[in-house]
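Each chain gets a letter, A, B and so on, in the order its sequence line appears, and its residues count up from 1.
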Amino acid sequence: MTTKHAIAILVNDQPGVLQRVSGLFGRRGFNIESITVGQSEEQGLSRMVIVTEGDDQTLEQIEKQLYKLIDVIKVVNLSSKPMVSRELALIKVKAEPAERPEIKSLADTFRAAVVDIGTRNMMIQVVGDTEKVDALLELLKPYGIQELSRTGVTAMTRGNAL
Amino acid sequence: MKPEVITGSEILLRSLLLEGVECVFGYPGGAVLYIYDALYGFSDFRHLLTRHEQGAIHAADGYARASGKVGVCIATSGPGATNLVTGIATAYMDSVPLVVITGNVIQSLIGTDAFQEADITGITMPITKHSYLVRDAKELPRIIHEAFHIANSGRKGPVLIDIPKDVSAATTLFEPAKTMNLRGYNPTVAPNRLQLDKVAAAIQEASRPVILAGGGVVYSGGHEELLQFAETTEIPVTTTLLGLGGFPSGNRLWMGMPGMHGTYTANNAIQQSDLLICIGARFDDRVTGKLDGFAPKAKIVHIDIDPAEIGKNIHTDIPVVGDVKTVLEQLNKLVKRADQADSWRDQIQQWKAEKPFKYKDSNDSLKPQWVIEMLNETTHGEAIVTTDVGQHQMWAAQYYKFNQPRSLITSGGLGTMGFGFPSAIGAQMAHPDRLVISINGDGGMQMCSQELAICAINKIPVKIVVINNQVLGMVRQWQELIYDNRYSHIDLSGSPDFVKLAEAYGVKGLRATNKEDAQEVWREALETPGPVLVEFVVDKQENVYPMVPQGSTIDQMLMGDCE
């Protein structure tokens, strides 16, 4: 059965490591829905979070192929464990002065923040899981979305699970 | 060793020496001039100057396959580096340990499309086990030490080290590497004991067991353990193309090669097996044929050093991750004779007797199979044979009887034309006293024939065989059988006179067009010291049989002359 998975990959912070990982996905025919990279808790190591789609067999191959890369230290399938996943989106939405309170209250409901106001638009920052970001976007669409930038998912297991 | 300040190039050479390097194959150019300057008058290991970078890397590959050591190759930046790509991919597909050293433009020019700049680490990322772009000469000792370790451990493979010109020129304190920082690299060598118990139990339950052994047996040095495993359990063995020589071909349990041009016996045995023990092989599509119908009744055991191979193509019932030699050593303590397989053994002997490889011999023309049989008889199967790719490769695999590991050197995974001849040069460098025969077609010979110069100058006594059928034979065979005799662009007329070509380089050239001449010229070749090229002009129409058409299961063989 094809499902979405979030995979966390701890890698050496080396030039080209992103190319190694994304290249592996590309040439082996694995899909990347989103990819985020940044510092990890340890100096010299970065953590990537990749959201991908596939059945169990594909996921097993992804993990095994990733481990073949010398710069890959650890691969964790986050989706198989209780986890917290977040993404951030900046949404520039059309907003005539009269519409602003309405949009502001929508944002408040989602605990999103208004981070900029222009003469005819507003910028909303939302943080949450993918579904929450999707839901807010859906509600903002009727006003007219001028620009959208999403970060992709970063995630971590809950509590002591590794 | 007292620490001293030397150039990056000298650090490179000393580090190679510390890794036990005996010879390197290479070709100089602007970006590696400091390295070649350091090589001037350097005699602690040999440098062989080929005539093309492709020749250098295939030679390094042949050296590695023949010796079990790491092959080393040096090329300059840009076109020098990109000329290595085919050779790197060849080694990657067949898990051959190479350390490939390329030069690059100075660091401040990297990224500017400078003269002879190529992002060779980027280009080769999908076909190397790992790669390095060296930023500081201080890093060289560690990187070289790591590169050799990575290349020749776990699942072996090529490692590329790209050295910008300013790094090879820079001077720094040389301190040999003592440490490695490879946290993410820990190949599993020893297998899980519980899995081995499962294998032993499965053997006791099986009534139609088969061993499918591949290149991993040869690479791990596990051929004696495989022999013991087969003799203890009395399970019939089939060896893949890269596994040939990993099990003695004269052994009663041996069934020949499986797959597209495999034996009737091996293919039927796999298809009817109830237990298939795959050892150091990766279920390549040339072995499995149509995956859906492969070994449909078998419980699959897969022993491999690379966990990613397990379950990649074929669902595995009992996975065993580990070094083949180590796994077999431990397994041999647990297994007993497969007692339920007596009628199966009889069946296999019956197939072997009824359907051996066969061809229609002729006294009017030379048959390529006959030529290979003659090579086999005159050398008692004891030569190191390298092949190019195509029909002659399959005939060599079918009719030469390999009894020792590392005696067949051939491009299996990538199927690289041009590989056969230069790889023989490397094999001969690894074994100066053994007979090395390079079997080529007339097509592949023309892809790297310039290396005849290397044989002549260095008196490398390779016996170069050209099986000349004046066409791209394997392509012609497919066009005949699958493309309705539409022979599109396969005619190689206009090829050089191979005898004269050899002689132009100072290599003795001989030719035969009938059996009598063939025996005579071959005897002369064997008796002549130094390199000799022997051209056998053979029957143009000959096909390789059996053949499993692509998309069929492996028991759906076209038997042709084997009928």
With a 6.0 Å cut-off (strictly less than), is the heavy-atom count around [atom1] of [X], excluding the residue itself, greater than 12?
{"X": "M156(A)", "atom1": "CE", "answer": "no"}
{"X": "D113(B)", "atom1": "CG", "answer": "no"}
{"X": "E147(A)", "atom1": "CD", "answer": "no"}
{"X": "Q125(A)", "atom1": "CD", "answer": "yes"}

Let me know if [X] has heavy atoms under 4.5 Å from chain B in its side chain, its backbone, both or neither.
{"X": "E60(A)", "answer": "side chain"}
{"X": "L45(A)", "answer": "side chain"}
{"X": "Q19(A)", "answer": "both"}
{"X": "R27(A)", "answer": "side chain"}
{"X": "Q61(A)", "answer": "side chain"}

Exercise. Can you list the residues that meet the ring pair (Phe, Tyr, Trp, His ring centres under 6.0 Å) rule with H145(B), with sequence neighbours excluded?
Worked result: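 For H145(B) there are no ring pair (Phe, Tyr, Trp, His ring centres under 6.0 Å) partners, ignoring immediate neighbours.
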For this session: Quick one: pull up CD1 in I70(A) and CG in N181(B) and give me the separation to the nearest 0.5 Å.
Result: 12.0 Å
Problem set entry | Pairs of heavy atoms under 4.5 Å with chain B: top-ranked of E63(A), E42(A), Q14(A), R28(A) |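 Among E63(A), E42(A), Q14(A), R28(A), the one with the most close pairs to chain B is E42(A).
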For this session: With a 4.5 Å heavy-atom cut-off (strictly below), which parts of residues 88-111 of chain A touch chain B? List them by number.
Result: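 Residues of residues 88-111 of chain A touching chain B at under 4.5 Å: none.
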Exercise. By number, which residues in residues 123-141 of chain B have some heavy atom less than 4.5 Å away from chain A?
Worked result: M125(B), P126(B), K129(B), H130(B), S131(B)
Exercise. Just checking heavy atoms, which of residues 296-315 of chain B are less than 4.5 Å from chain A?
Worked result: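 From residues 296-315 of chain B, the residues near chain A are D306(B), P307(B), A308(B), I310(B), G311(B), K312(B).
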